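A quick write-up on the structure given underneath.
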Amino acid sequence: MIVDGRVLREDFVPSEVVHRHDEVNLLSEALEPLLYDERPDPAFLFGPTGVGKTCIARYTLAQLREQEPTVRVAYVNCWQEYTRFRVLYSILEAVDRAVDVHRSTPKDELFDRLSRADDGSIVVILDEVDQLEETSALYDLHRLPHVSPVLIANREEELFASFDDRVRSRFHAGTRVRFDRYGTAELAAILANRSEKALEPGVVTDAQLRTIADAASGDARVGLGILRSAARRAERQGLASITTSALEAAIPDARTAIRRKTVEGLIEHQRVLYDVIAEAGEIEPGDLYDVYEKRVEEPKTNRTLRNYLTKMVHYDLIEAVGERRGRTYRLVDENSEITGQDEESEIDPASDSR
DNA sequence: AATCCACTGGAAATCATGGCGC
DNA sequence: GCGCCATGATTTCCAGTGGATT
């Protein structure tokens, strides 16, 4: 049934794009100066999750490299690489200049190396730049004439608010490409395109693709997740095509899968906090600390917990209601992000702690 | 109105880890 | 193998904030 599972992964870069031609054109126009050895302005891609920003950036750069193979591309995800050091390091890694860099390497050595790696342009894709904690890294990149940044973020205002003045003024110019949510029909077309390559013919009907697209409400990542999960379910049951029941089972599954993945990424102490909050529904900080302390062998300090909590707020797992005194913590309400959904998909996070 | 108190989050100190040169 | 030393994680310390209490 599944011919090529990779095509359904969210990080797959298709060989042709569906419904994003305008965006591709805008971005490649912005990067065009690279073909004449000139430096383009920085490019920005803005839009909510699951609208193909990362995908389009990778696709466009792959195209560009076909025309101009000397251009090198470094992809950096700022969720993981959120310090100046790490950003510079992963760029060096991408252009093969990272050998024998170790932690004791002086700070500016990385920058020097990068500035010496000027035998050709480097396009740096900074995904989720709003997660970057040291925006001085952006200033560094701007100082290097052979480096062209492509910045990906959710919202323009929030991104610029996090910049310091130096960076803000440097990046004020630049091409902005905005991505809107996919409509149901558009998303269905994308899913159809992918399933042609990933699945045997006739495995999934157009009507089912529309159902998936509708349930995913414009988020391609969720849509692909549902399709993948449904296909796997059907395959496990030895069926030749996706049935309605397999599809229905896959919908709540995929909707929570992304969250579950982040919950699993938490370390033990963070998960205890998450569970306590989940069980209480809503809890005050003082009580939260008390319950936590009783529940683990070697409790971390209060201050460390506060670091964990801010991190979890950052990950959109929990939310803090109110400021300072009288603040309470609770889980982010899943149904508020996805409009008009049923109550069935609610999970009890306490039950998936192992 | 003054004081208390719970809470937040910045900064500096300390601990743990692991690669490197010798 | 041993000491050195960055880095990252955690802790310690503390100022700031604003609602609650007297």
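Chain identifiers are assigned alphabetically (A, B, ...) following the order of the sequence lines, protein sequences preceding nucleic acid strands; residue numbering begins at 1 within each chain. Worth saying up front: this structure is predicted, and the values here are computed from it rather than measured. Side-chain atoms are counted along with the backbone in the values below, which use heavy atoms only and exclude waters and symmetry mates.
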| By side chain to side chain contact (heavy atoms under 4.5 Å, CB included), which residues pair with A/Asp219, not counting sequence neighbours? | A/Thr49, A/Arg181, A/Arg221, A/Val222
| query | By side chain to side chain contact (heavy atoms under 4.5 Å, CB included), which residues pair with A/Asp118, not counting sequence neighbours? | reply | A/His146
Do any N or O atoms of the protein come closer than 3.5 Å to N or O atoms of nucleotides 14-16 of chain B, and which pairs are they?
none

| said: Using a 3.5 Å distance criterion without hydrogens, assess whether the side chain of A/Gln270 forms a donor-acceptor pair with backbone atoms of A/Ile267. | reply: yes
| said: Protein within reach of the bases, or only the backbone? For nucleotides 5-10 of chain B, mark each nucleotide 5' to 3' as B, S or -, using heavy atoms under 4.0 Å. | reply: BSSBBB
| said: Test of understanding: with side chain to side chain donor-acceptor pair (under 3.5 Å), list the residues that count as partners of A/Thr244, not counting sequence neighbours. | reply: none
| request: If a pair satisfies ring pair (Phe, Tyr, Trp, His ring centres under 6.0 Å) and one of its residues is in residues 166-207 of chain A, list it, with sequence neighbours excluded. | output: A/His142-A/Phe171
| request: Starting at atom OH of A/Tyr308, determine the distance to atom P of C/dG8, rounded to an integer number of angstrom. | output: 16 Å
| field | Whole-Å distance separating the CD atom of A/Glu298 from the P atom of C/dA9 | value | 19 Å
| query | Between A/Phe160 and A/Arg168, is there a cation-pi geometry (under 6.0 Å to ring centre, at most 45° from the normal)? | reply | no
| Should A/Arg72 and A/Asp119 count as an ion pair when the cut-off is N to O under 4.0 Å? | yes
| Reported CG-to-OG1 distance for the pair A/Leu34 and A/Thr70, which is rounded to 0.5 angstrom | 9.0 Å
| query | Using a cut-off of less than 4.0 Å, is there contact between a side-chain N or O of A/Thr301 and OP1 or OP2 of C/dT11? | reply | yes
